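Okay, structure first, notes after.
This structure is a prediction, so every number in the text was calculated from the model and none was measured.
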Amino acid sequence: MCVLDRFGAAGLCGLLGLFLLGSPIGAELPDGVRILVGDSTTGKDPDTAKIEDLRYPVGIDFDRHGNAWIVELSGGRVLRLDRSGNLAIVAGTENGGYAGDGGPAEKARFNHLHNLAISPQGQCYLSDSSNNCIRVIDAKTGQVDTFAGAPQAGFSGDGDDRKNARFREPICVTLTPDASKLLIADICNFRIRQIDLATGRVETLAGTGKRGIPAEGAVARESPLLDPRAVAGDSRGNVYILERAGHVLRMIDTRGRLYTVAGTGEKGFRDGPAAEAAFYEPKHICVDPQDRVYVADDKNNAIRLYDPQRGTVETVLGGEGEEAVLKGPHGVCFRDGKLFVVDSGHNRVLVMERPKTE
């Protein structure tokens, strides 16, 4: 069963309301961690929020000018925080929908945005999950269009052009390190898919459309997946898959084989050797220049770090269910030596100025 199928639209909105009206933040942040933006709506009625407030942010990325772009799940706004600290609504509204293609971004409507990816040229790709498509904001014109998929759920288009593809709640989009391909976690099709940005060709990298636990070392395209929530590539050509309901991190190697690299498959909280580590419904990942993987471990309210060289998992922020520092973190992004954490339940974005580097 898929994310939105579990709750329905009304149920999901109710859950978001609980987050938005959550308990006040009471703990000091650790040394080297600061608030980039947000947290002023915590404990308040969201109807009184100002434009400077965030309303359940879930994803962040940066353009070539150093501006931070943030997407919100509640409603579907896209916001831009410039380097002077000014926050502006770029696209979307507080009310979800599917509208605005061919027109200015500020008039567009989206339905449950989950994250975004910005190319070196400034193209902003958005996972418009409940609309079952990938939308794009053009860097030069500011126009919004549907880049791939359509507002009807389905599965088709492999080996064909992106405009003919169909998805079922694409929940994550990420560019490969060379920005030549767009990786997509097509969660309710139980697949990881890819769009070649030069040719527009779509293909499946992992998953068969059936839900299940893959065999170790099996061909990724011939293997089932449990719950592919996020995807990211490293500099060596490996592709990481985060499985929320599976509580694990998997990897497609350069031969197209699928392996579990961290997590036992049982929910919990445990650092140490990666094969013995435990996660609890993790939501998102990013890869740093050293090919280490940061995991937004949602239900553990923690950010975990998988180091493939050491074969270990460690906690770098938050911890086992504690809500004071983090509450339901969804997004992570590594840029210019800093780790940016979307602290969704606290309606803010944090910056780790000096994440662990040794």
Side-chain angles (χ1 to χ4, degrees), residues 29-34 36 58-62 115 172 174 177 183 185 228-236 238-244 246-253 259-346 349-358:
L29 293 174
D31 290 343
V33 179
R34 63 180 174 85
L36 178 71
V58 287
I60 185 171
D61 201 1
F62 290 80
N115 85 311
C172 173
T174 313
L183 303 174
R229 181 59 169 71
V231 59
D234 70 11
S235 67
R236 303 178 184 182
N238 302 305
V239 174
Y240 287 95
I241 304 169
L242 189 66
E243 297 232 74
R244 180 193 55 189
H247 316 291
V248 295
L249 180 67
R250 307 193 201 276
M251 184 189 76
I252 309 170
D253 69 10
Y259 296 90
T260 302
V261 295
T264 63
E266 298 293 326
K267 66 184 180 184
F269 182 86
R270 185 167 55 252
D271 286 339
E276 301 172 12
F279 304 95
Y280 190 178
E281 295 190 10
K283 287 286 180 68
H284 195 62
I285 53 176
C286 68
V287 181
D288 72 12
Q290 294 174 259
D291 287 333
R292 299 176 308 173
V293 183
Y294 291 88
V295 179
D297 194 0
D298 178 25
K299 292 296 179 64
N300 280 323
N301 299 315
I303 304 301
R304 319 286 294 281
L305 174 63
Y306 165 64
D307 187 329
Q309 296 300 314
R310 295 181 176 182
T312 59
V313 169
E314 62 180 304
T315 299
V316 296
L317 186 65
E320 196 174 2
E322 175 58 50
E323 295 184 358
V325 175
L326 294 175
K327 184 177 180 181
H330 275 57
V332 281
C333 177
F334 197 94
R335 180 182 172 89
D336 297 332
K338 300 175 184 179
L339 182 69
F340 296 83
V341 178
V342 182
D343 187 10
S344 303
H346 287 147
V349 177
L350 303 179
V351 187
M352 292 188 70
E353 301 282 358
R354 296 177 297 278
K356 185 177 177 63
T357 56
E358 64 274 3

Show the numbers, then the answer: is there a side chain to side chain contact (heavy atoms under 4.5 Å, CB included) between His330 and Asp298?
-> CA-CA 6 Å; His330 275 57; Asp298 178 25; 4.1 Å; yes
Stepwise side chain to side chain contact (heavy atoms under 4.5 Å, CB included) test for Tyr280 and Asp297 = CA-CA 6 Å; Tyr280 190 178; Asp297 194 0; 4.2 Å; yes
Atom of [X], atom of [Y] and distance for their closest heavy-atom approach:
X: Cys333; Y: Asp61; answer: SG-OD1, 3.8 Å
X: Phe340; Y: Arg335; answer: CE1-O, 3.9 Å
X: Asn301; Y: Gly328; answer: OD1-N, 2.7 Å
X: Ala296; Y: Gly331; answer: CB-N, 4.5 Å

If you measure from the Lys or Arg side-chain nitrogens to the Asp or Glu carboxylate oxygens, is any gap between Asp271 and Arg304 under 4.0 Å?
->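 Yes, Asp271 and Arg304 are salt-bridged.
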Electrostatic pair Arg34-Glu353, nearest N-O below 4.0 angstrom =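 Yes, this pair counts.
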Would you say the side-chain atoms of Thr174 pair up with the backbone N or O of Val231, donor to acceptor, closer than 3.5 Å?
->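 The answer is yes, because a donor-acceptor pair under 3.5 Å joins these two groups.
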If only atom types and distance count, is the side chain of His247 paired as donor or acceptor with the main-chain N or O of Gly265 below 3.5 Å?
->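 The answer is no, because no donor-acceptor pair under 3.5 Å joins these two groups.
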Would you check, one step at a time, whether the test side chain to side chain contact (heavy atoms under 4.5 Å, CB included) holds for Lys299 with Arg244?
-> CA-CA 10 Å; Lys299 292 296 179 64; Arg244 180 193 55 189; over 6 Å; no
Below 4.5 Å, heavy atoms only, C-beta onward: do [X] and [Y] meet side chain to side chain?
X: Arg229; Y: Pro282; answer: no
X: Pro177; Y: Val287; answer: no
X: Leu36; Y: Ile60; answer: yes
X: Asn115; Y: Val58; answer: no
X: Pro308; Y: Val261; answer: no
X: Leu350; Y: Leu326; answer: yes

Val313 and Leu249: side chain to side chain contact (heavy atoms under 4.5 Å, CB included), yes or no, with the steps?
-> CA-CA 11 Å; Val313 169; Leu249 180 67; over 6 Å; no
Test salt bridge (charged side-chain N to carboxylate O under 4.0 Å, His left out) on Glu276 and Arg270 and set out the steps.
-> CA-CA 8 Å; Glu276 301 172 12; Arg270 185 167 55 252; 5.7 Å; no
Just do the side chain to side chain donor-acceptor pair (under 3.5 Å) check on Asp291 and Ser235 with the steps written out, would you?
-> CA-CA 7 Å; Asp291 287 333; Ser235 67; 2.7 Å; yes
Look at the rings of Tyr294 and Phe334 and say which category their plane angle falls in: under 30° parallel, 30 to 60° tilted, over 60° perpendicular.
->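 The arrangement is parallel - the two ring planes meet at less than 30°.
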